[in-house]
Amino acid sequence: MSFTLESYEVVVVGAGHAGCEAALACARMGHRTLLLTLNMDGVALMPCNPSIGGTAKGHLVREIDALGGEMGRAIDDTFLQSRMLNTGKGPAVHSLRAQADKKQYQRRMLHALQHQERLTLRQGEVEAIETAGGRVSGVRTTTGALYPCAAAIVATGVYLKSRVIVGEAHADSGPSGLGNAKALSGALERLGFPLRRFKTGTPARIDCRTVDFSKFEEQPGDERIVPFSFLTDRLEKEQISCYLGYTTPETHRIIRENLHRAPLFSGEIHGVGPRYCPSIEDKVVRFADRERHPLFLEPEGLDTLEWYVQGMSSSLPEDVQWAVYRSIPGLERVQLTRLAYAIEYDCIDPTQLRPTLEAKGVENLYFAGQINGSSGYEEAAAQGLYAGINAACKLSGREPLLLSRADAYIGVLVDDLTGKGTNEPYRMMTSRAEYRLLLRQDNADLRLTERGWKVGLASDERHARMLEKKRGTDNLLNALPKAHLKPQDVNRVLGEGTVSSGISAADLLRRAGVTYADLRRIDPELPEVADSVAEQAEINLRYEGYLDRQRRQVEAFQRTENVKIPQEIRYSDIKGLRIEAQQKLERIRPETLGAAQRISGVSPGDIAVLMIKLEQMRRERKP
């Protein structure tokens, strides 16, 4: 028997990283929002690695922050160690990564949720999304509470009918011993969403008092800490080191001799796992020629002795796990505090979603996070923010926020999921972004804050900071070509023979290894600017030719991206379109010609036929 409680404009289902960002975005944009979570202790939980950011993922966090999201500010407040990755390569792939104090991060995010106006956080399991006339009308819990609403965002993570697997043992459970969601899967199928089974996993946790750290290589944090949030001015903190170690041939022998008991190979696991984050048993099989694999010991928090063993995800039986971990130098006497495990869960096919993350079949129903087939806290948070913004925009009668592949990594993520789909848990990588030289993490605010401010999410303070950075960069780029440096001054600072004649400050800054700080040592009359402004000037001058070429590529991309495909088009009626193309175009129903081009199985010949059809339709519509 159900009973009706107070109504909300938006109900968000699930309070993981996607749900937190979605709920905060909706509330901050002026809509009464209810956030429902299976367990209040699971809000913003990090059930796997205790970190935020990493290669490409750091870009997503910076973009979330630039638009007005919370993740960047939360990790700045709670990190244990910070490192900039890939600094030996160009700025396009520089990626920030921070070790998190997991419990502090949860408390920090919980505080943001509980103190946000127009946002209510409540524990409860959702069993159905109610609809009327093809659109969302309410959300019902297993205890009978019905919350009428105008929009719903499903961000259930890995909890839908989840099953935890350790060797021959398995349990219907969520991650970290939390309960799972049993009822909602069937309700989604009844709404027309066929479900799939995906799988992910996590390593064991260990007692750091039982580790011989002398056998590991220390990995300290960066001396200069770079914040994730564009609102964070400066960070100074005593950091905790991580440690690098390796598996051994003995580790691999133990695993190989027990593969018949490994659920991944015995058939016990039915879900599809992530290609780019394989278990240790999978790595030993796939890379049989390697004598060792790296692993990292990472702290889980300041107030716990538990450490995380990055790179050692597994679902092997418990007795095998003890032998495997103790075969590693430095872990000979290690005590496991929590076993490694695999987890299977239900998720949808994201090609059933529009580019706004709204369902094609149910109006005002949005999906975000791992239920869309992605993996990772950052990918989830990015989708949650995007879905929250677009749900809020629709309820306000405003145009949606649409980010293309040329605008942001978030645009790449959403386009890949909704336009191409995924057959395995999706992970963001810099190689997925065709225009990554323009989509750097350092300029995420310049790219996105204006748009976040216009939709009503990014604050006035954030917007003002972005404008100040933009003005400072433009002024510096105008001034540097006009500043001429004497050869004796240049050689005095950079070494004899650096130049033989006078040179402009702009041309000198184009040289590899020269920084704006060097220019000011040569000519103290040059203006003192913020580090972020100097960074923009250095990158824009040093990579000027590459940036110009990529901008031309973006212009070509936008020509097809701006060609809209009428949604009433019947692909089966288009002569010359191959059967495979007809079927895939009919199923995905891309909104632009550019999106159609990126669908696997749609050939250039099919696109040529489609372009002719679109031109015919355009002419027929003319009076």
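These numbers come from the heavy atoms of this one structure, side chains and all, not from hydrogens, waters or symmetry mates.
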Residue pair S313 / T202, side-chain heavy-atom distance below 4.5 Å | no
Taking atom types as modelled, is there a side-chain donor on H94 or Q441 under 3.5 Å from an acceptor on the other?
-> no
About how many Å separate CG of L438 and CZ of R551, when rounded to the nearest 0.5 Å?
-> 6.0 Å
Are any of the side-chain heavy atoms of L547 and E544 separated by less than 4.5 Å?
-> no
Are side-chain heavy atoms of L231 and R73 found at a separation under 4.5 Å?
-> yes
Is it true that the side chains of S241 and E218 contain a donor and an acceptor less than 3.5 Å apart?
-> yes
Side chains of E298 and N49: is there a donor and an acceptor less than 3.5 Å apart?
-> no
Just wondering, do L67 and L401 contact through their side chains at under 4.5 Å, heavy atoms?
-> yes
Which value, rounded to the nearest 0.5 Å, describes the distance between K102 atom NZ and C48 atom SG?
-> 7.5 Å
Side chains of Y409 and M428 in contact at under 4.5 Å (non-hydrogen atoms) | yes
Please determine, by modelled atom types, if Q550 and R436 share a side-chain donor-acceptor pair under 3.5 angstrom.
-> no
Does the cation-pi check pass for R290 over F287, that is, NZ or CZ under 6.0 Å from the six-membered ring centre and within 45° of its axis?
-> yes
Tell me, with the steps shown, if E63 and R447 meet salt bridge (charged side-chain N to carboxylate O under 4.0 Å, His left out).
-> CA-CA 9 Å; E63 292 180 351; R447 291 185 280 114; 3.0 Å; yes
Atom pair CD (E379) and CG (L417), whose distance is rounded to the nearest 0.5 Å = 9.0 Å
Between T418 and R354, do the side chains contain an N or O donor and an N or O acceptor separated by less than 3.5 Å?
-> no
Geometric class of the F216/F213 ring pair [parallel <30°, tilted 30-60°, perpendicular >60°] | tilted
For the residue pair S374 and Q383, confirm or rule out a side-chain donor-acceptor distance under 3.5 Å.
-> yes
So, do L477 and N540 sit near enough that their side-chain heavy atoms are less than 4.5 Å apart?
-> yes
Is there a donor in the side chain of D76 and an acceptor in the side chain of S229, or the other way round, less than 3.5 Å apart?
-> no
Are E450 and R462 close enough for a salt bridge, meaning some N to O gap below 4.0 Å?
-> no
Please round to the nearest 0.5 Å and tell me the distance separating atom CG of L80 and atom NZ of K237.
-> 6.5 Å
Using a 4.5 Å cut-off on heavy atoms from C-beta on, say whether the side chain of L509 contacts that of R542.
-> yes
Establish, for the pair K57 and Y377, whether the NZ or CZ atom is under 6.0 angstrom from the six-membered ring centre and no further than 45 degrees off its axis.
-> no
Got a salt bridge between E591 and K564, using NZ or NE/NH1/NH2 to carboxylate O under 4.0 Å?
-> no
Kindly state whether the ring of F296 and the ring of W307 have centres lying under 6.0 angstrom apart.
-> no
Measure the CG-CZ distance between N372 and F367 for me, rounded to the nearest 0.5 Å.
-> 7.5 Å
Judged by atom type as modelled, is there a donor-acceptor pair below 3.5 Å linking the side chain of D65 to the main-chain atoms of V61?
-> no
Kindly give the heavy-atom pair with the smallest separation between P50 and P299, and that separation in Å.
-> CG-O, 3.7 Å
R405 charged N/C atom sitting above Y435 aromatic ring, 6.0 Å / 45° | no
Any donor-acceptor N/O pair, N390 side chain to P400 backbone, under 3.5 Å | no
Between L295 and T247, is any pair of side-chain heavy atoms under 4.5 Å apart?
-> yes
Indicate yes or no for a side-chain donor-acceptor contact from D445 to the backbone of A66 under 3.5 Å, with no hydrogens or angles considered.
-> no
Salt bridge (charged side-chain N to carboxylate O under 4.0 Å, His left out) evaluation trace for D474 with K470 | CA-CA 6 Å; D474 291 343; K470 186 176 187 302; 3.3 Å; yes
Does R432 make a cation-pi contact with Y426, if we ask for NZ or CZ under 6.0 Å from the ring centre and within 45° of the axis?
-> yes
Parallel, tilted or perpendicular for H463 and W453, by the 30°/60° rule?
-> parallel
